[in-house]
Student: 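Mind looking over this structure? Questions follow.
Only this structure's heavy atoms are used, side chains among them; waters, hydrogens and symmetry mates stay out. In what follows, residues are counted from 1 in the order of the sequence shown.
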Amino acid sequence: MGLKLNTKIVLGFVIAVGVLLLTSAVAWYSIQQLGYYTRQVEHTYRVLESASSLRGHLRDAQSQVRGYLLLNDSTYLPGFYQSQPLIDEDFDALQLLTLDNPQQQTRLDTLQRGLREEITFLERWAKMPPSTEVVRRLVREDRARQMALRELITRIQVNEKVLLKERQRRQDFFENTTPAAIVISAILATIIVFWLFTKITRELRANEELQAELTRTNADVARRISIIEALANRVVAGDYTVKISDQEQDSLGNLATSLNHMTQALDTSFTALENRNRELDQFAYVASHDLKAPLRGVVTVVKWIEDELPHELSPQMRQYLDMMKGRLHRLEDLINGLLAYARAGRTERKLEEVSVQQLVEEVTELVVPPTFRVETPAPLPVLTTDRLSLQQVFTNLIGNAAKYHNRPDGLITVTARDLGECFEFRVQDDGPGIAPQFHQKVFLMFQTLRDRNTAESTGIGLSIVKRIIEEQKGSIHIESEEGQGAAFIFTWHK
């Protein structure tokens, strides 16, 4: 069976892109290997250079001692002593450069012992009185040691030259394969694209011949599609029990069957989603609750320190402990806020008749300082709702209006407006106000316009308010300008 046009197009482009990606990967790998072996070659040259430098400085040290003994010229001795740190420097460089070569490291251990013996030997002869006979004795006694050192250095150099030859061979290989890989990829991509263009052209001509036949079937398809659209609209409206009774054995009939399966799956999925949300709320509640135990332990330890060591604490240490207690209190407030946020989604709503006027008066007594006035210009309504949720909303809004006021006294006004299916409540204050760019930020979790070090400012209260109101199918927004007070307006269904 022939492939569909779209399948051929996708398949062709996938093959072309795949070839390009494959060859690009090969080229990238070749370039990486080329760079690697280039660095290895450079590394080998540095080893050879350090070995040659070591041999030269060793030869200089030997020559300086011989010159001193042969010519009775003490000016050779400073050169001998200056050669010693240069020999050590060359040896350290060799040891560092060959850390990845255990065989060379073994040779270097032997070389290090030989160098120490040779330097010690030369230092002893540098202290002897100069004469021709002393020089002859030096040459005779030092010949075997010199030959051993030269042989060790030569072995190190030979080994590095073998490595150099192999690394240069690999370097040359990748220098040649990289351009070849790029050229081959370009040729393959060109061939595939040309083949793809030919196939698409033929298929387009065949599709034109099918247009006439498709036109004749549009009427029946449109009728059946209208039935499917009606089902989709009902699904959008939240009715997942709707079904289509289309028994035709064709594509639209199969689509109708699939849609029936989809509505059933959606019904099941939304039920599972509600269960999962409840599990997440339970997890947030338990996790926040368990955080309190170690927090109380830390607070207790700080109190013990203050109670049992009052005379041993310096003013600086007391300041640190006060800072710690402040951070711990803030953390406790954050955990309490998380618990409240979790409970906001977990508690079952108990519907009862609630006098909002009485509820606001009770909240005022609990959270508003005596220096503030809370007014209700018109009587607030009575409605049937979840008292605890509504009380939590008013507690946060009225409490915030007093807590974040810029004066020790102020006026808070609570009003209500009947919108038919719901009431619109307005909590207005005459405080510092909120700039428009922060109207949405204050409802986000842990977001606050106050200093982070202020214990009361956890940034959770308004998040809880927003969550409670949205669960009641209501909405909340702010009307405020900076310096002109703030009004929190929310709707609450009757």
Student: CD of Gln103 to CG of Leu163: how many Å apart, nearest 0.5 Å?
Tutor: 8.5 Å

Student: Take atom CE in Met317; do more than 12 heavy atoms of anything else shown fall under 6.0 Å from it?
Tutor: no

Student: Rounded to the nearest 0.5 Å, how far apart are CZ of Phe490 and CD1 of Ile478?
Tutor: 13.5 Å

Student: Starting from the C-alpha separation in whole Å, work towards a yes-or-no answer on salt bridge (Lys or Arg N to Asp or Glu O under 4.0 Å) for Glu117 and Arg113.
Tutor: CA-CA 6 Å; Glu117 293 175 0; Arg113 292 192 296 270; over 6 Å; no

Student: To the nearest 0.5 Å, tell me how far His57 NE2 sits from Ser52 OG.
Tutor: 11.0 Å

Student: If only side-chain N and O atoms count, and only distance matters, is there a donor-acceptor pair under 3.5 Å linking Ser53 with Asp90?
Tutor: yes

Student: Find the distance between CD (Glu175) and CD (Gln171) and round it off to the nearest 0.5 Å.
Tutor: 5.0 Å

Student: Any chance CZ of Arg46 has more than 12 other-residue heavy atoms, nucleotides or ligands included, within less than 6.0 Å?
Tutor: no

Student: Side chains of Asn101 and Asn159: closer than 4.5 Å at any heavy-atom pair?
Tutor: yes

Student: Main chain of Gly433, side chain of Glu481: is a donor-acceptor contact present, judged purely on distance under 3.5 Å?
Tutor: no

Student: Whether the Tyr45 and Glu49 side chains hold a donor-acceptor pair (N or O, under 3.5 Å, no angle test) is what I'd like checked.
Tutor: no

Student: Going by distance alone, is a donor N or O of one side chain under 3.5 Å from an acceptor N or O of the other, for Arg107 and Gln104?
Tutor: yes

Student: To the nearest 0.5 Å, tell me how far Leu149 CG sits from Arg59 CZ.
Tutor: 12.0 Å

Student: For Gln157, does the CD atom sit with more than 12 other heavy atoms under 6.0 Å from it, leaving out its own atoms?
Tutor: yes

Student: Hey, could you give me the CG/CG distance between Leu115 and Leu54, rounded to the nearest 0.5 Å?
Tutor: 5.5 Å

Student: Mark yes or no for whether Asn176, through its side chain, and Asp172, through its backbone, hold a donor-acceptor pair below 3.5 Å.
Tutor: yes

Student: I'd like to know whether Leu108 forms a side-chain contact (heavy atoms from CB on, under 4.5 Å) with Leu111, so could you lay out the CA-CA distance, the side-chain angles of the two residues, the decisive distance to 0.1 Å, and finally the verdict.
Tutor: CA-CA 5 Å; Leu108 286 175; Leu111 178 61; 4.0 Å; yes

Student: Thinking salt bridges, do Glu123 and Lys127 make one under a 4.0 Å N-O criterion?
Tutor: no

Student: Before accepting this row, confirm whether a basic side-chain N of the pair Glu133/Arg136 lies closer than 4.0 Å to the acidic partner's carboxylate O.
Tutor: yes

Student: What verdict does the side-chain contact (heavy atoms from CB on, under 4.5 Å) test give for Asp73 and Tyr68, after you've listed the backbone C-alpha separation in whole Å, the side-chain angles of each residue and the deciding distance to 0.1 Å?
Tutor: CA-CA 5 Å; Asp73 186 354; Tyr68 161 69; 5.8 Å; no

Student: So Tyr37 and Phe174, would you call those rings parallel, tilted or perpendicular, with 30° and 60° as cut-offs?
Tutor: parallel

Student: Are Glu118 and Gln62 linked by a side-chain donor-acceptor pair shorter than 3.5 Å?
Tutor: yes

Student: How about Arg124: does its CZ atom have over 12 heavy atoms from other parts shown lying under 6.0 Å from it?
Tutor: yes

Student: Using modelled atom types only, decide if a donor and an acceptor are shared between the side chain of Asn400 and the backbone of Asn396 within a distance under 3.5 Å.
Tutor: yes

Student: Check this for me: does any side-chain nitrogen of one of Glu166 and Arg169 sit under 4.0 Å from a carboxylate oxygen of the other?
Tutor: yes

Student: Any carboxylate oxygen within less than 4.0 angstrom of a Lys/Arg side-chain nitrogen, looking at Lys466 and Glu470?
Tutor: yes

Student: Please lay out, stage by stage, how Phe488 and Leu462 fare under the test side-chain contact (heavy atoms from CB on, under 4.5 Å).
Tutor: CA-CA 10 Å; Phe488 286 81; Leu462 289 179; 4.0 Å; yes

Student: Check the side chains of Thr154 and Arg55 for a donor-acceptor pair under 3.5 angstrom, ignoring hydrogens and angles.
Tutor: yes

